[in-house]
Amino acid sequence: MSQDISPYVERVLPEIATWQYQSFEQELTPTLREQLSTPKGDKLLRQFATLGALESHEPIQVIRTERGVNLSEGRYNRAVVLIPAHFAAGDAEIQLALDRVADGYAITGIHISSDVFLD
């Protein structure tokens, strides 16, 4: 699973870092798509946008993989990656939860930590 994650993340990270929902909507799971298309999701993306433009990032690290079954999703095959990134306003750590789907991956979670958000 992890061999093809880096090329996928390399492709979608610049789309996500536009902070424009429409730029990466097609990469999201239906559940995350629904969550981010709300006023609360819009507010979250505006907060992420305070990071400014993506300037560069460190190597992508797969920090966890999971396989399982649950009532809401059925079977799943998921990886969580960490991307230390450098933005115009400062550094951030991005975690993406990626579900394996028929044609590659779909983003099921986005978490970004940065001191920029403290200002």
Side-chain angles (χ1 to χ4, degrees):
M1 179 174 188
S2 61
Q3 303 89 324
D4 57 348
I5 288 177
S6 288
Y8 174 78
V9 173
E10 291 284 352
R11 181 177 64 76
V12 299
L13 186 59
E15 296 171 10
I16 295 168
T18 65
W19 314 120
Q20 301 297 315
Y21 173 75
Q22 297 79 11
S23 296
F24 60 92
E25 174 184 13
Q26 72 283 355
E27 301 297 336
L28 307 176
T29 60
T31 302
L32 187 57
R33 193 176 304 137
E34 183 178 315
Q35 292 169 344
L36 287 179
S37 65
T38 65
K40 191 174 183 179
D42 185 57
K43 183 177 180 181
L44 180 65
L45 290 175
R46 285 195 314 269
Q47 180 68 39
F48 289 167
T50 62
L51 289 168
L54 176 65
E55 294 179 344
S56 64
H57 66 83
E58 303 300 322
I60 297 159
Q61 304 164 42
V62 177
I63 57 175
R64 175 170 84 247
T65 60
E66 306 168 350
R67 287 181 170 203
V69 176
N70 63 37
L71 294 175
S72 63
E73 300 171 278
R75 290 183 178 273
Y76 64 89
N77 190 354
R78 180 170 298 144
V80 178
V81 298
L82 175 69
I83 309 119
H86 310 287
F87 292 88
D91 293 340
E93 286 191 343
I94 302 170
Q95 284 189 27
L96 298 177
L98 307 171
D99 279 1
R100 172 66 90 175
V101 294
D103 58 347
Y105 292 95
I107 301 167
T108 190
I110 301 172
H111 177 85
I112 302 178
S113 300
S114 177
D115 288 347
V116 171
F117 302 143
L118 299 177
D119 294 335

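- When side chains are defined from C-beta on, Gln61 counts as touching Pro84, because their heavy atoms get closer than 4.5 Å.
- In this structure, Thr108 OG1 and Glu27 CD are separated by 13.5 Å, a value rounded to the nearest 0.5 Å.
- Few gaps surround CD on Glu55; more than 12 heavy atoms of other groups in view lie less than 6.0 Å from it.
- Two different hydrophobic clusters hold Leu82 and Phe48 under the rule that ILVMFWY side chains link at heavy-atom gaps under 4.5 Å.
- For the pair Val9/Tyr105, no side-chain contact is recorded, criterion being any heavy-atom separation below 4.5 Å from C-beta on.
- Using a 4.5 Å heavy-atom cutoff, the side chains of Arg64 and Gln95 are not in contact.
- Summarising the geometry, atom CD1 belonging to Ile83 is positioned 10.0 Å from atom CG belonging to Leu54; distances are rounded to the nearest 0.5 Å.
- A donor-acceptor distance shorter than 3.5 angstrom exists from the side chain of Trp19 to the backbone of Gly52, with no hydrogens or angles considered.
- Between Ala97 and Arg78, the shortest heavy-atom contact is CB-CD, 4.4 Å.
- Contact of the Ile60 side chain with the Glu10 side chain is registered, since non-hydrogen atoms from C-beta on lie closer than 4.5 Å.
- Distance alone, capped at 3.5 Å, is enough to place a donor-acceptor pair between the Ser114 side chain and the Asp91 backbone.
- Contact annotation: the side chain of Phe117 approaches that of Thr50 to within less than 4.5 Å [non-hydrogen atoms, C-beta and beyond].
- Counting all heavy atoms, side chain and backbone alike, Gln26 lies closest to Arg33 at O-NH2, 4.2 Å.
- Here the CG-CG distance, from Asp99 to Leu28, works out to 11.5 Å after rounding to the nearest 0.5 Å.
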Is there a side-chain contact (heavy atoms from CB on, under 4.5 Å) between Ile112 and Phe87 once you walk through the steps? CA-CA 12 Å; Ile112 302 178; Phe87 292 88; 5.7 Å; no
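- At least one side-chain heavy atom of Leu13 sits under 4.5 Å from a side-chain heavy atom of Ile94.
- Here the side chains of Leu98 and Tyr8 are in contact, with some heavy-atom distance below 4.5 Å.
- Rounded to the nearest 0.5 Å, atoms OG1 (Thr65) and CG (Asn77) are 7.5 Å apart.
- Distance CD1/Ile110 to CG/Leu96: 6.0 Å, rounded to 0.5 Å.
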Run the side-chain contact (heavy atoms from CB on, under 4.5 Å) test on Leu36 and Leu44 for me, step by step, so that the C-alpha distance in whole Å, both residues' side-chain angles and the decisive distance to 0.1 Å come before the verdict. CA-CA 8 Å; Leu36 287 179; Leu44 180 65; 4.2 Å; yes
Ile107 vs Thr29, test: side-chain contact (heavy atoms from CB on, under 4.5 Å). Steps then yes/no. CA-CA 6 Å; Ile107 301 167; Thr29 60; over 6 Å; no
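- Here the closest non-hydrogen pair linking Gly104 and Arg100 is O-CD, 3.3 Å.
- Side-chain polar atoms of His86 and Glu58 form a donor-acceptor pair below 3.5 angstrom.
- No side-chain heavy atom of Val80 sits under 4.5 Å from any side-chain heavy atom of Val62.
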